[in-house]
There are 2 protein chains.
Amino acid sequence: MTPERKRLTREESRQQTRGRLLAAAAELFTERGVNGTSVEQIAERAGYTRGAFYGNFEDKNALVAELLQHRTRSELEEVRALTQDAASFDDALGALRAWNRDRARHLPEWLALRMELVLHALRNEELRPLLAERELLAREAHASGLEQAFAARGVQAPADPAFLGLIVHALEDGLLIQRLLTPGGIPDDVVVDAFDLLLRSWTALAQRPDGEGDG
Amino acid sequence: MTPERKRLTREESRQQTRGRLLAAAAELFTERGVNGTSVEQIAERAGYTRGAFYGNFEDKNALVAELLQHRTRSELEEVRALTQDAASFDDALGALRAWNRDRARHLPEWLALRMELVLHALRNEELRPLLAERELLAREAHASGLEQAFAARGVQAPADPAFLGLIVHALEDGLLIQRLLTPGGIPDDVVVDAFDLLLRSWTALAQRPDGEGDG
DNA sequence: CAATCAAGATACAGATCTGTATCTGAATAC
DNA sequence: GTATTCAGATACAGATCTGTATCTTGATTG
């Protein structure tokens, strides 16, 4: 006990404080929304006073921007890891399933915060590109994953892969919202089940080249 | 000119005031969020003082609840009208297309307010059932529309219609969010185009009964 | 070990918000 | 036409929040 009470350097202490403030803010934003949370409350939940807050961030907006960046980046990493690690396509599907199962446990918090940040970004011109990039990359990840899948099955994509990636990504979001709004009625696996169904139908469509009426 | 200056009865005046307050609140919620809007601001935008507000609503939450109800009901009406009026399926698709075109013009406002209200309902136990009902009905409307479509084409639904309806509805939401986050990159018609693609793929899947691996 | 420096606490001034209590004038009732 | 009643305005008392200015204390530097 009392091994060697880590004495923090100034920089370490500062980073710790910033981290705790950000974490506390994320919690509170989830619970009460960005606008419903005061600087006072953030500092208090993090175990500091407002003085510490203003020493580390210009104001609440600055913190929101930083939080948005952090989360955007980490989510992008996850998406990348998810699509790159998997060698085979079924592998990727399995990873996706596991990922969704895991997220299911914190879904309300995760989604509430995501929506909060989306709304905030919508209202702040400067933050929007950040969000847009995140969405775009996620869609591209899905698109390339799908191309891979079609290639593996020896069929042609039934539409522009970018369009298909958009559908998959959007569907994921929409399904999560539905699960949140109508709890109990929707199993954890909807997202993956839906994805599975889409892939099968698109494969079926691709294999029946009659009825190509695009144009 | 000055025909007969309509002198309002008390009840009429009260209803007018309520209506204006609700409309002003909707605007402000869209712009700054529910939590970012004060009773003061609502009253001011509506052209009244706080006194009028508290004479008509218990507090801001009561107003939000009422706004949520209004919008939920009117949206449900729209969905119902959309699916019932159309005799043929292509008819319904056309109506859907027109509807989406129309909404595209006010998409940012519409979606921002919807997300605001969703978040608010998520945090208020009592309001959630209202939202849930709305979503459920929308999904059912899609489901029955799909059943009709499959019947018209003489094929069987490739999965539980309720599941398919959920997918369509969720996809709609998700696509709108994507359009909002990445403006410019997504045409107005995505929702309908995506719907069209899904229907064709599902029809294709249904017509190839091999590979039915459910269960 | 003394001098310095900065992280975080405390104190302060101003703004804004909420909710109630009271007032005023126009619509109703008699 | 007078009395009444109620929609909405005005006034008031807290409460809370923001941002800055100043202090305290422990880390750093020599």
Side-chain angles (χ1 to χ4, degrees), chain A residues 2-67 116 120 123-124, chain B residues 2-67 116 120 123-124:
Chain A
T2 62
E4 38 204 64
R5 195 68 150 83
K6 173 76 182 175
R7 295 181 69 199
L8 298 174
T9 180
R10 274 200 187 143
E11 183 58 20
E12 285 171 331
S13 171
R14 190 179 168 77
Q15 288 309 324
Q16 190 181 65
T17 303
R18 285 177 72 85
R20 288 180 179 166
L21 285 169
L22 283 166
E27 278 184 31
L28 286 162
F29 291 167
T30 303
E31 293 170 18
R32 319 177 188 189
V34 173
N35 277 324
T37 302
S38 69
V39 171
E40 181 96 52
Q41 292 165 338
I42 295 171
E44 189 193 353
R45 167 93 44 122
Y48 298 93
T49 64
R50 242 176 27 257
F53 183 97
Y54 284 108
N56 279 283
F57 301 94
E58 192 179 330
D59 56 14
K60 199 171 74 175
N61 270 325
L63 177 139
V64 173
E66 195 161 319
L67 187 61
E116 275 292 334
H120 197 81
R123 293 178 183 126
N124 289 55
Chain B
T2 59
E4 37 205 67
R5 195 69 149 82
K6 174 75 181 174
R7 295 178 72 196
L8 298 175
T9 180
R10 275 202 185 141
E11 183 57 21
E12 284 172 332
S13 170
R14 188 178 169 80
Q15 287 309 324
Q16 188 181 67
T17 303
R18 285 179 72 86
R20 286 179 179 165
L21 285 169
L22 283 166
E27 277 184 33
L28 285 162
F29 292 166
T30 303
E31 292 169 20
R32 319 176 186 189
V34 174
N35 277 324
T37 302
S38 69
V39 171
E40 181 96 50
Q41 292 165 339
I42 296 172
E44 189 194 353
R45 166 95 44 124
Y48 298 92
T49 64
R50 249 186 11 264
F53 183 97
Y54 283 107
N56 280 283
F57 300 96
E58 191 180 332
D59 56 15
K60 198 171 75 176
N61 270 325
L63 177 139
V64 173
E66 194 159 322
L67 186 61
E116 276 292 335
H120 197 80
R123 293 179 183 124
N124 289 54

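Computed over heavy atoms, backbone and side chain alike; hydrogens, waters and symmetry mates excluded. Throughout, a chain's letter reflects where its sequence line sits, starting with A, and its residues are numbered from 1.
- The stretch residues 35-45 of chain B comes close to DNA chain C through B:S38, B:V39, B:E40, B:Q41, each having a heavy atom under 4.0 Å from the strand.
- For the pair B:T9 (side chain) and B:E12 (backbone), a donor-acceptor distance under 3.5 Å is absent.
- Taking B:S13 as the reference, B:L8, B:T17 meet the side-chain contact (heavy atoms from CB on, under 4.5 Å) condition, with sequence neighbours excluded.
- Contact check for B:N35 versus B:E116: no side-chain heavy atoms found under the 4.5 Å cut-off.
- Legend: residues meeting side-chain contact (heavy atoms from CB on, under 4.5 Å) with A:A46, ordered by chain and number and at least two apart, are A:R20, A:L21, A:A24, A:Y48.
- A:F57 meets the ring pair (Phe, Tyr, Trp, His ring centres under 6.0 Å) test with A:F53; sequence neighbours excluded.
- Distance CD (A:E58) to C1' (D:dT20): 13 Å, rounded to an integer number of Å.
- Between A:K60 atom NZ and D:dT20 atom P there is a gap of 16 Å when expressed in whole angstrom units.
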Sugar-phosphate or base contact per nucleotide [nucleotides 1-9 of chain D; S, B, -; heavy atom under 4.0 Å]:
----BBSSB

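- Rounding to whole angstrom units, OH of residue A:Y54 and P of D:dT20 are separated by 8 Å.
- Per the geometry, CG belonging to A:N61 stands 11 Å off P belonging to D:dT18, to the nearest Å.
- The distance from atom CZ of A:F57 to atom P of C:dG8 is 11 Å, rounded to the nearest whole Å.
- Here the closest non-hydrogen pair linking B:N61 and B:N124 is OD1-ND2, 4.1 Å.
- The salt bridge (Lys or Arg N to Asp or Glu O under 4.0 Å) analysis of residues 58-67 of chain A, with sequence neighbours excluded, yields the pairs A:R18-A:E66.
- With hydrogens and angles ignored, the 3.5 Å screen pairs a side-chain donor or acceptor of A:R123 with a backbone N or O of B:E31.
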